[in-house]
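Notes follow once the structure below has been shown.
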Amino acid sequence: MPPESEVQIPTSTVTAQALSIALEHPLVVDLSVSCQDYAQHQLDERSPDYRLGIILSNLLKYGVWLATAIVLLGGILYLVRHGMEPVNYHIFQGEPDMFRSPAGVIDAVLSGRRRGIVQLGLLFLIATPVLRVLVSFIFFIKQRDIPYVVITGLVISGLLYSLLGAYF
Amino acid sequence: MWAGSFLAGFLGALTGLGGGVVIVPLLTSVFGVDIRYAIGASLVSVIATSCAAASTYIRQGYANLRLGMFLEVATTIGAIVGALLATMISIKLLTLVLAIVLLYSAYLAQQPRSEVLTDDAEEALTQQLQLHGTYPTPDGLMSYQAYSVPLGFGLMSIAGVLSGLLGIGSGALKVLAMDQVMRLPFKVSTTTSSFTIGVTAAVSAGVYLARGYIDPGLSMPVMLGVFPGAWLGAKALMGTKVSVLRVVFSVVLVVMSFKMVYNAFGEM
C-alpha cells in the first residue's frame with residue numbers, strides 16, 4: 001500500500017475512521033496501486049494481434065510526428081512574414097477554396113504559400129488515423145479474419161465517403 | 001492559447017475524452033472565436049491527441065484494438081450523420097446542445113465505476129468478435145470481456161453523431177458505453193476511447209475541411225500545444241490520481257458550459 005494508508009490523525013478518530021473507509025473504497029485502492037510501477041508485463045510476441053499493435057503504434061507515432069513537424073515548419077515561416085498582422089476569428093468567413101481540398105492545398109504549397117504548408121501538415125494529421133484503418137484492413141485480409149475484414153472495410157467506406165464525398 | 005491546448009491534450013489523453021471538450025469552450029468563450037472555426041481546430045486537436053496517446057496505450061497493452069475497430073463502425077457512421085446535420089442547425093442551438101453535453105459529461109465523470117471482474121460465460125457476439133483481452137495490473141495481466149455489445153454499439157452511434165455535430169470527441173459517451181454498459185475495466189475504456197476518437201474525428205474533419213472550417217492559423221498553435229500535452233498525459237496514465245483529475249475536469253466543464261450559454265443567449 002502507498003504511504004497514504006499510514007496517515008493517521010490521532011486527535012480525531014472520526015476523521016481517521018472516515019479516511020480508512022475511504023481508502024478501502026475499491027476505486028481508491030485501484031488508483032493507489034496504479035501509482036506504483038509494475039514490472040513489464042509479458043505479452044505473447046508471436047500473436048498476430050501483438051504484431052498488429054506494434055505496427056499501428058509505430059504508424060500513429062511517426063504519422064503525428066511528421067504532421068507536427070510540417071505544421072511547425074509552416075507555422076514558423078508564416079509567423080516570420082505575417083506575425084504582426086491582426087487576425088479576426090470572431091466572424092466566420094470560411095477558408096478560401098484553396099485550403100478546402102487536398103489538391104488545393106498542394107497547389108498552395110507549390111506556389112509557395114506558407115499557410116499552405118500548415119494546412120498540408122493538418123492533412124497529414126487527418127490521414128494518419130485513416131492510414132491506420134487501412135493498414136488494419138490489409139492485416140485482417142492477410143489473416144483471413146473475415147468478421148474484421150468486414151468491420152474495417154465498413155469503417156474505410158465511411159471514411160472515404162466523407163473525405164471524398166465532400167468534393168463531388 | 002498554446003498553454004490551453006497543452007492542457008487540453010494532457011487532459012484529453014489521460015481521460016480518454018479527447019482534447020476537443022476543452023478546446024471548443026476555450027476558443028469560443030475565452031478567445032471569442034466563431035464556433036465553426038473552434039470546431040475545426042478542436043477536430044485537429046482530437047486527432048493529434050488520439051494518435052499520440054493511442055500509440056503509447058497500444059504499446060502498454062491497455063487499448064483493445066479489436067474492440068476499438070468494432071466500435072469505430074458505429075462512431076464513423078454516426079459522425080457522418082452528425083457532420084451533415086451540423087450545417088442545418090442554428091449556431092445557438094448547437095451551442096446549447098454542446099453546453100448540455102458538457103454538463104452531462106461533468107456528471108458522468110463523477111459516477112463511480114465498478115472494477116469488479118465477473119466470471120460469467122462469454123456472450124455469443126463477444127466470442128465471435130473476440131472482444132476480450134488482457135490488460136496490465138500490479139498483479140500481472142488481468143483478463144476481461146465485453147458484455148451487452150449491441151447496447152454499447154448503439155450508444156457509440158450516438159457518441160458518433162455528437163462528435164460529428166459538435167466537433168468534440170464525445171469521449172464521455174464512449175467511455176460510458178464501454179465502462180458502464182460493456183463493463184470493461186476503466187483504463188481499458190479510456191484508452192480504447194482515445195484509440196477510436198481519432199478515426200471519428202477524421203471523418204468529421206474531412207467534411208469540415210471541405211466547408212472551410214479548418215483554419216491553418218488557428219489550428220497551428222492548437223496542434224503544437226496538444227501534441228506534447230497528449231504525450232505527457234499518456235505517459236502519466238499510470239501515475240496520476242484520476243479521482244482528483246475527475247473533479248477538476250468536471251468543474252471546468254460546468255463553468256465552461258455556463259459561460260457558453262451566457263455568450264450565446266446573454267445578449268438577447
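Naming convention: chains lettered A, B, ... in sequence-line order (proteins, then strands); numbering from 1 in each chain.
Both the backbone and the side chain of A:Ala67 come within contact range of chain B, judged by heavy atoms closer than 4.5 Å. Neither the backbone nor the side chain of B:Ile77 comes within less than 4.5 Å of any heavy atom of chain A. Both the backbone and the side chain of B:Ser55 have a heavy atom closer than 4.5 Å to some heavy atom of chain A. With a 4.5 angstrom heavy-atom cutoff, A:Val71 touches chain B via backbone and side-chain atoms both. Looking at A:Leu154, the atoms closer than 4.5 Å to chain B (heavy atoms on both sides) all sit in the side chain, from C-beta outward. Both the backbone and the side chain of A:Leu125 come within contact range of chain B, with heavy atoms under 4.5 Å apart.
When the candidates A:Ile54, A:Leu122, A:Leu59, A:Thr128 are compared by the number of heavy-atom contacts under 4.5 Å with chain B, A:Leu122 comes out ahead. Note: A:Leu56 leads A:Val130, A:Val150, A:Leu56 in heavy-atom pairs under 4.5 Å with chain B.
Summarising the geometry of B:Ala63 relative to B:Phe195, their closest heavy-atom pair is CB-CB, 4.4 Å, with the distance given to 0.1 Å. When all heavy atoms are compared, the tightest approach of A:Gly74 to A:Val118 is C-CG2, 3.5 Å. Across A:Leu159 and B:Thr76, no two heavy atoms sit closer than the pair N-CG2, 4.1 Å.
B:Thr49 OG1 to B:Ile197 CD1: the interatomic distance, rounded to the nearest 0.5 Å, is 6.5 Å. For the atom pair OH of A:Tyr148 and CG of B:Leu65, the computed distance is 9.5 Å after rounding to the nearest 0.5 Å.
The stretch residues 136-146 of chain A places A:Ser136, A:Phe140, A:Asp145 near chain B, each with some heavy atom under 4.5 Å from a heavy atom of that chain.
B:Ser219 places a side-chain N or O within donor-acceptor distance of the main-chain N or O of B:Asp215, the cut-off being under 3.5 Å. Between the side chain of A:Ser57 and the backbone N or O of B:Ile58, no donor-acceptor pair lies under 3.5 Å. Although no hydrogens or angles enter the test, the distance criterion places a donor-acceptor pair under 3.5 Å between the side chain of B:Thr192 and the main chain of B:Asn64.
With sequence neighbours left out, A:Thr68 forms a side-chain contact (heavy atoms from CB on, under 4.5 Å) with A:Val64, B:Met223, B:Leu224, B:Phe227.
Side-chain contact between B:Cys51 and A:Pro129 is present, with at least one heavy-atom pair separated by less than 4.5 Å.
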